[in-house]
Amino acid sequence: MKKIILIGCGGHAKSVVDAIEASGAYEIIGFTDTAEKADFCYRGYQVLGDDTRLPTLFEKGVCEAFVCIGYMGRNRLRNQLYCTLKNIGFSLAAVVDPSAIIAKDVKIGEGTFVGKRAVINSAAVVGKMAIINTGAVIEHDSVVGDFCHVACGAVLCGGVTLGANSMVGANAVIVQGVSLPEDTFVKAGALRKGS
Ligand code: JB2
């Protein structure tokens, strides 16, 4: 089984761990995090060091990595870590919880997380390093840009376009056909309609 190192060991990482364990796709070897988290352990997975350990881990045969730091104000960091990991040579597969429902013609980019009971319907496209969190719905023909975060329970109705680096808060609804530019922030519970 391929070995994977997880970057960041906070709240979002716990969702990622559960999805990886449930899928059985990878052997998790541990986390990298900051020095303050050196003693952290979750389900037996420990912090192996900070991000300076990553090249050594790659040389030792750990070829997969996944950024577990959520969007909340840290999108620049997620982007930096993505570049760092790619420069070292890591592969960044998508992590999809087995309870998610994904139509067969959906495209999902590298490093993207799809959480429990999320639905991504026919012909939708989700870019790289996105988070489609628990129970979110990406309806048919929608396009979600790179580094977007669609939070728990949010709904993108059919044919919505969400520009890169955008955040859609929990339980927000984007009505069908609406296009939102890059760096959009939609607050939790909001309703976005076309003009
Ligand atoms: O440069 C870094 C770095 N900076 C912060 N490298 C590494 N390897 N780790 C870093 N971190 C670590 O990310 C922090 O020390 C911390 O352990 C972790 C972030 O955890 P936190 O629980 O603060 O946030 P999160 O991103 O896991 O979860 C947020 O986003 C999720 C999507 C929360 O708001 C969750 O509620 C939300 N579901």
Side-chain angles (χ1 to χ4, degrees), residues 3-22 26 28-58 62 64-90 92 94-97 99-100 108-109 111-118 120 126-138 144-156 162 164-172 184-189:
K3 294 179 177 174
I4 191 166
I5 178 74
L6 304 182
I7 315 304
C9 68
H12 186 55
K14 293 173 182 167
S15 302
V16 175
V17 165
D18 196 77
I20 292 174
E21 286 189 345
Y26 302 105
I28 299 169
I29 64 148
F31 304 98
T32 60
D33 206 298
T34 53
E36 300 85 71
K37 292 291 193 89
D39 297 328
F40 180 85
C41 183
Y42 179 65
R43 296 192 190 178
Y45 308 117
Q46 296 178 319
V47 174
L48 305 179
D50 64 18
D51 296 335
T52 62
R53 284 291 307 279
L54 290 167
T56 310
L57 290 167
F58 183 74
V62 181
E64 297 279 340
F66 196 84
V67 178
C68 299
I69 301 166
Y71 175 96
M72 311 298 187
R74 298 199 190 92
N75 225 22
R76 187 173 294 171
L77 176 58
R78 282 175 60 78
N79 206 328
Q80 283 168 0
L81 288 167
Y82 170 79
C83 295
T84 299
L85 294 167
K86 294 295 281 186
N87 285 338
I88 294 169
F90 284 103
L92 285 84
V95 169
V96 179
D97 191 282
S99 68
I108 300 177
T112 285
F113 175 73
V114 182
K116 288 191 174 7
R117 297 200 171 180
I120 308 182
V126 178
K128 70 185 179 191
M129 295 294 292
I131 298 173
I132 310 299
N133 224 337
T134 308
V137 175
I138 310 299
V144 176
D146 298 340
F147 295 97
C148 285
H149 181 173
V150 181
C152 302
V155 177
L156 273 54
L162 183 62
N165 300 309
S166 294
M167 167 84 199
V168 177
N171 282 325
T184 294
F185 176 79
V186 178
K187 67 181 182 182

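Basis for what follows: all heavy atoms, side chains included, without hydrogens, waters or symmetry-related copies. Indexing begins at 1, ligand by ligand and atom by atom, following the structure's order. When a residue number appears, it is its place in the shown sequence, counting from 1.
We find that Asp97 and Arg117 are not joined by a salt bridge, their nearest charged nitrogen and carboxylate oxygen being 4.0 Å or further apart. Here Asp50 does not pair with Lys37 in a salt bridge; the nearest charged N to carboxylate O distance is not below 4.0 Å.
Residue nearest to atom 7 (C) of ligand 1, selected from Asp51, Leu81, Val67: Asp51 (by heavy-atom distance).
Considering only heavy atoms from C-beta on, Tyr82 stays 4.5 Å or farther from Arg78 through its side chain.
Contacts of Glu36 with ligand 1, taken as heavy-atom pairs under 4.0 Å, are absent altogether. With a 4.0 Å cut-off on non-hydrogen atoms, Asp50 does not touch ligand 1 at all.
Using a 3.5 Å distance cut-off with no hydrogens or angles, the side chains of Tyr26 and Glu21 do not pair a donor with an acceptor.
Near Ile7, the atoms of ligand 1 lying under 4.0 angstrom from a non-hydrogen atom of the residue are 8 (N). Close approach of ligand 1 to Thr34 is summarised as follows: ligand atoms under 4.0 Å from at least one heavy atom of the residue are 15 (O).
Not a single N or O atom of Ala13, backbone or side chain, sits closer than 3.5 Å to an N or O atom of ligand 1. On a distance-only criterion, Gly70 and ligand 1 share at least one N/O pair closer than 3.5 Å. Residue His149 places no N or O, backbone or side chain, under 3.5 Å from any N or O of ligand 1.
The side-chain contact (heavy atoms from CB on, under 4.5 Å) test applied to Thr56 returns Lys60, not counting sequence neighbours.
Sorted by first and then second residue, the salt bridge (Lys or Arg N to Asp or Glu O under 4.0 Å) pairs with a member in residues 6-17 form an empty list; sequence neighbours excluded.
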